[in-house]
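Everything below concerns the one structure shown next.
Along the sequence shown, the residues carry numbers beginning at 1.
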Amino acid sequence: QVQLVESGGGLVQAGGSLRLSCAASGRTSLNYAMGWFRQGPGKEREFVAAISWSGGRTDYADSVKGRFTISRDNAKNTVYLQMNSLKPEDTAVYYCAAARTFMVPTTAKPYDYWGQGTQVTVSS
């Protein structure tokens, strides 16, 4: 089992920045890819970014490329999502997830564990 706890959400003005963190505990010695997803009001959950176990490979949704950066510190069992140039349409609950795979999944199905989410609100 792996437990994931997100933090770092909040209210920010358009154009601002936030850094989300996701702390993992439990069986973190296994090789997990990590991903960030989000669900906006009245919307389906969507992929945001993912990173391989080693951190050597990443993938992003087109809507966040060039603005968001995913990274991880395996010594701290933590994955980060640096969000810059935020837009009102980035408003959502952001979830981190862990997938036991060497791939970099961009869909929800491969992910085995999910956090509870952290709210990000971007005002215009």
Side-chain angles (χ1 to χ4, degrees):
Q1 289 285 341
V2 174
Q3 293 77 44
L4 303 172
V5 178
E6 303 96 335
S7 61
L11 173 65
V12 64
Q13 288 188 330
S17 298
L18 282 174
R19 188 175 82 155
L20 305 183
S21 299
C22 174
S25 60
R27 299 189 69 185
T28 55
S29 61
L30 300 176
N31 296 331
Y32 287 98
M34 298 296 294
W36 286 97
F37 290 75
R38 67 186 182 186
Q39 187 165 15
K43 297 181 180 179
E44 301 271 326
R45 188 172 298 192
E46 64 176 357
F47 168 74
V48 176
I51 189 167
S52 62
W53 159 249
S54 67
R57 289 176 292 150
T58 58
D59 204 348
Y60 296 91
D62 288 343
S63 59
V64 306
K65 278 181 182 176
R67 300 189 298 124
F68 291 11
T69 302
I70 189 171
S71 61
R72 68 190 296 163
D73 184 339
N74 286 344
K76 296 182 178 179
N77 293 324
T78 301
V79 63
Y80 305 98
L81 185 68
Q82 178 67 43
M83 307 186 294
N84 298 329
S85 302
L86 283 161
K87 304 174 181 180
E89 51 262 45
D90 295 318
T91 294
V93 177
Y94 283 70
Y95 300 89
C96 74
R100 191 177 174 185
T101 177
F102 289 103
M103 307 295 286
V104 183
T106 60
T107 60
K109 189 174 180 180
Y111 288 88
D112 305 294
Y113 303 101
W114 293 81
Q116 293 299 307
T118 186
Q119 177 70 47
V120 171
T121 303
V122 184
S123 63
S124 57

Closer than 3.5 angstrom, by distance alone: can the side chain of [X] be matched with the main-chain N or O of [Y] as a donor-acceptor pair?
X      : Y     : answer
Glu6   : Cys96 : yes
Arg57  : Trp53 : no
Arg38  : Ala92 : no
Thr78  : Lys76 : yes
Thr58  : Ile51 : no
Thr118 : Tyr94 : no
Arg72  : Ser52 : yes

>> Suppose we call two aromatic rings close when their centres sit under 6.0 Å apart. Are Phe37 and Tyr111 close by that rule?
In response: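 Ring centroids of Phe37 and Tyr111 are less than 6.0 Å from each other.
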>> Assess the residue pair Lys65 and Asp62 against the criterion (salt bridge (charged side-chain N to carboxylate O under 4.0 Å, His left out)); give the C-alpha distance rounded to whole Å, side-chain angles, the decisive distance to 0.1 Å, and a yes or no.
In response: CA-CA 5 Å; Lys65 278 181 182 176; Asp62 288 343; 3.2 Å; yes
> Yes or no on side-chain contact (heavy atoms from CB on, under 4.5 Å) for Thr69 and Tyr60, after CA distance, side-chain angles and deciding distance?
Replying inline: CA-CA 8 Å; Thr69 302; Tyr60 296 91; 3.8 Å; yes
> Taking all atoms of both residues into account, what is the closest heavy-atom pair of Leu4 and Ala97, and its distance?
Replying inline: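 Looking at all heavy atoms of both residues, the shortest contact is CD1-CA, 3.7 Å.
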> What is the minimum heavy-atom distance between Pro105 and Ala50, and which atoms define it?
Replying inline: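 Where Pro105 meets Ala50 most closely, the heavy atoms are O-CB, 3.5 Å.
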> How far apart are the C-alpha atoms of Leu20 and Trp36, what are their side-chain angles, what is the distance that settles it, and do they pass the side-chain contact (heavy atoms from CB on, under 4.5 Å) test?
Replying inline: CA-CA 10 Å; Leu20 305 183; Trp36 286 97; 3.7 Å; yes
>> Counting only heavy atoms not in Gln116 (residues, nucleotides, ligands), do more than 12 fall under 6.0 Å from its CD?
In response: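 Not buried by this count: 12 neighbours or fewer within 6.0 Å.
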> Hey, what do you get for OG1 (Thr91) to CD (Gln39), rounding to the nearest 0.5 Å?
Replying inline: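 The OG1 atom of Thr91 sits 13.5 Å away from the CD atom of Gln39.
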> Applying the 4.5 Å side-chain criterion to the ILVMFWY set and letting contacts propagate, would Met83 and Ile70 be lumped into a single cluster?
Replying inline: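 Yes: a chain of side-chain contacts under 4.5 Å links Met83 to Ile70.
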> For Val120 and Asp90, what are the C-alpha separation, side-chain angles and deciding distance, and is it a side-chain contact (heavy atoms from CB on, under 4.5 Å)?
Replying inline: CA-CA 8 Å; Val120 171; Asp90 295 318; 5.5 Å; no
> Hey, does Phe68 have a side-chain heavy atom less than 4.5 Å from the side chain of Asn84?
Replying inline: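 The answer is no, as the side chains (C-beta and beyond) never meet within the 4.5 Å cut-off.
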>> Show, in sequence, the C-alpha distance, side-chain angles and deciding distance for Ser17 and Gln82, and conclude whether the side-chain contact (heavy atoms from CB on, under 4.5 Å) test is met.
In response: CA-CA 7 Å; Ser17 298; Gln82 178 67 43; 4.0 Å; yes
> Is it the case that Arg45 places NZ or CZ above or below the six-membered ring of Trp114, under 6.0 angstrom from the centre and within 45 degrees of the axis?
Replying inline: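 Ring-cation test returns yes.
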